[in-house]
Participant: 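Sending over a structure as C-alpha cells; questions will come in a sec.
No experiment lies behind these values; they were computed from the predicted model shown. In this chain, residues are counted from 1 in sequence order.
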Amino acid sequence: METSSNGRIVVPLRVRGLTRSVALERGNGFWRSRSMIYCGFIPMRGAGYCPESTVRLRDDIEVFLRLDDRQSADPEALGGALKHPACHTWLGVNATESELGHIEFWLATMDGFCHLLARGDAIEGMLVEPMYRWGSMGVFDLDTFAYLTMREAPRGDDRTRTFELGVCAYGPQGEQLADRVTEQIRR
C-alpha cells in the first residue's frame, strides 16, 4: 500500500462545550489547521461522555449559566451576583464580527468557563448585555460571573460595521474577575 506524506482530515472538535469542525492538512511533517467553522453535533455517549448542566441564576428572570466538564456552581450565590452593580470594562479593540472569530477559545482555557444564556426581560430590561441574542461566553467564580459583551463602534472609511469588545461582570469580586477576563482576551 502506498502512503502519502500529505493529506487532509476533517474532525469534529468539542472543547468545554464549544463545537467546531476543523480541517487539518498535513505537510512538512506536521498537521496545520486550514479552517474552523461553527457546527453542532451529537455529543459523545458512553465512557467519554461529558455532561453539560444549565444553572438558572434567579427564578424571576431568564439568566442561565451552561457548564461543561463536570463543573458545578451554586445558583443561589451566583444569582446574588445580580444584586451587585455591573462592572463594565471596554478593551479599546474594535473588530468586525468575523474578526472576532473564535475568541471564546481564549476564555475556554480559564477555570470556570461557561456560556451565559439570557432571554426575555433579562435582555430587554438590559440587566445583561451579551454579545449575541442567545448569550455569550463567560467565566464564573463562586459568587461572581463575567461575560463578553460588545457595542457598536464608529465605522471605518470603508463603512464596515465594527464593534468594541468588552467584559461585563456581576458580584462582589466583579472588578477583579473582569480584570482577569480582560487580561486573558488581551493576550
Participant: Write down the atom of Pro130, the atom of Ser136, and the distance for their closest heavy-atom approach.
Facilitator: CB-CB, 3.7 Å
Participant: Do Trp90 and Ile185 sit in the same hydrophobic cluster, where Ile, Leu, Val, Met, Phe, Trp and Tyr count as joined when their side-chain heavy atoms come under 4.5 Å apart?
Facilitator: no
Participant: How far apart are the closest heavy atoms of His84 and Gly80, and which atoms are they?
Facilitator: CD2-O, 3.5 Å
Participant: Kindly check if the number of other-residue, nucleotide or ligand heavy atoms within 6.0 Å of CD (Glu152) is above 12?
Facilitator: yes
Participant: Do the side chains of Leu142 and Leu67 join up, straight or via other hydrophobic residues, at under 4.5 Å, putting them in one cluster?
Facilitator: no
Participant: Walk me through whether Thr96 and Phe163 qualify under side chain to side chain contact (heavy atoms under 4.5 Å, CB included).
Facilitator: CA-CA 6 Å; Thr96 64; Phe163 300 90; over 6 Å; no
Participant: Between Val55 and Phe140, is there a side-chain heavy-atom distance shorter than 4.5 Å?
Facilitator: no
Participant: Do Val22 and Phe30 share a hydrophobic cluster, counting only Ile, Leu, Val, Met, Phe, Trp and Tyr and linking them when any side-chain heavy atoms are less than 4.5 Å apart?
Facilitator: no
Participant: Surrounding CD of Glu25 (heavy atoms of other residues, nucleotides or ligands, distance under 6.0 Å), is the total greater than 12?
Facilitator: yes
Participant: Can you check side chain to side chain contact (heavy atoms under 4.5 Å, CB included) on Leu65 and Thr54, steps first, answer last?
Facilitator: CA-CA 6 Å; Leu65 296 184; Thr54 302; over 6 Å; no
Participant: If you measure from CD on Glu104 to OG1 on Thr109, what distance do you get to the nearest 0.5 Å?
Facilitator: 12.0 Å
Participant: Mind listing the closest non-hydrogen atom pair of Val167 and Ala146 along with its distance?
Facilitator: CG1-CB, 4.0 Å
Participant: Kindly indicate whether the side chain of Gln184, heavy atoms from C-beta on, has any atom under 4.5 Å from the side chain of Val139.
Facilitator: no
Participant: Determine whether a donor-acceptor pair (N or O, by modelled atom type, separation under 3.5 Å) exists between the side chain of Arg56 and the backbone of Arg58.
Facilitator: yes
Participant: Rounded to the nearest 0.5 Å, what separates atom SG in Cys87 from atom CD in Gln176?
Facilitator: 8.5 Å
Participant: Can you tell me if Arg32 has over 12 outside heavy atoms packed within less than 6.0 Å of its CZ?
Facilitator: no
Participant: Give the minimum heavy-atom separation between Trp31 and Ile9, together with the two atoms involved.
Facilitator: CZ3-CG2, 3.7 Å
Participant: What distance separates Met150 CE from Asn94 CG, expressed to the nearest 0.5 Å?
Facilitator: 12.0 Å
Participant: With no hydrogens and no angle check, is any side-chain donor or acceptor of Gln71 less than 3.5 Å from a backbone partner on Asp68?
Facilitator: yes
Participant: Do the ring planes of His115 and Trp134 sit parallel (below 30°), tilted (30 to 60°) or perpendicular (above 60°)?
Facilitator: tilted
Participant: Show, in sequence, the C-alpha distance, side-chain angles and deciding distance for Val93 and Arg186, and conclude whether the side chain to side chain contact (heavy atoms under 4.5 Å, CB included) test is met.
Facilitator: CA-CA 9 Å; Val93 174; Arg186 284 193 172 143; 5.6 Å; no
Participant: Looking at every non-hydrogen atom in both residues, tell me the closest pair between Ser21 and Val10 and how far apart they are.
Facilitator: OG-CG1, 3.4 Å
Participant: Is any NZ, NE, NH1 or NH2 atom of the basic residue among Glu164 and Arg151 found under 4.0 Å from an Asp or Glu carboxylate oxygen of the other?
Facilitator: yes
Participant: Taking Tyr170 for its side chain and Asp143 for its backbone only, find out whether a donor-acceptor pair lies under 3.5 Å.
Facilitator: no
Participant: Please test Arg26 against Arg8 for side chain to side chain contact (heavy atoms under 4.5 Å, CB included), starting from the C-alpha separation and ending with a verdict.
Facilitator: CA-CA 6 Å; Arg26 185 163 175 84; Arg8 176 179 289 166; over 6 Å; no
Participant: I'd like to know if the side chain of Asp141 reaches the main chain of Thr144, judged simply by a donor and an acceptor atom lying under 3.5 Å from each other, with no hydrogens or angles considered.
Facilitator: no
Participant: Could you tell me whether a side-chain N or O of Thr149 sits under 3.5 Å from a main-chain N or O of Glu129, the two making a donor and an acceptor?
Facilitator: yes
Participant: Just verifying a value: how many Å separate Leu78 CG and Phe64 CZ, rounded to the nearest 0.5 Å?
Facilitator: 14.0 Å
Participant: Do you know the tightest heavy-atom contact between Val128 and Tyr147?
Facilitator: CA-OH, 3.4 Å
Participant: If you draw a 6.0 Å radius around CG in Asp111, do more than 12 non-hydrogen atoms from other residues or ligands fall strictly inside?
Facilitator: no
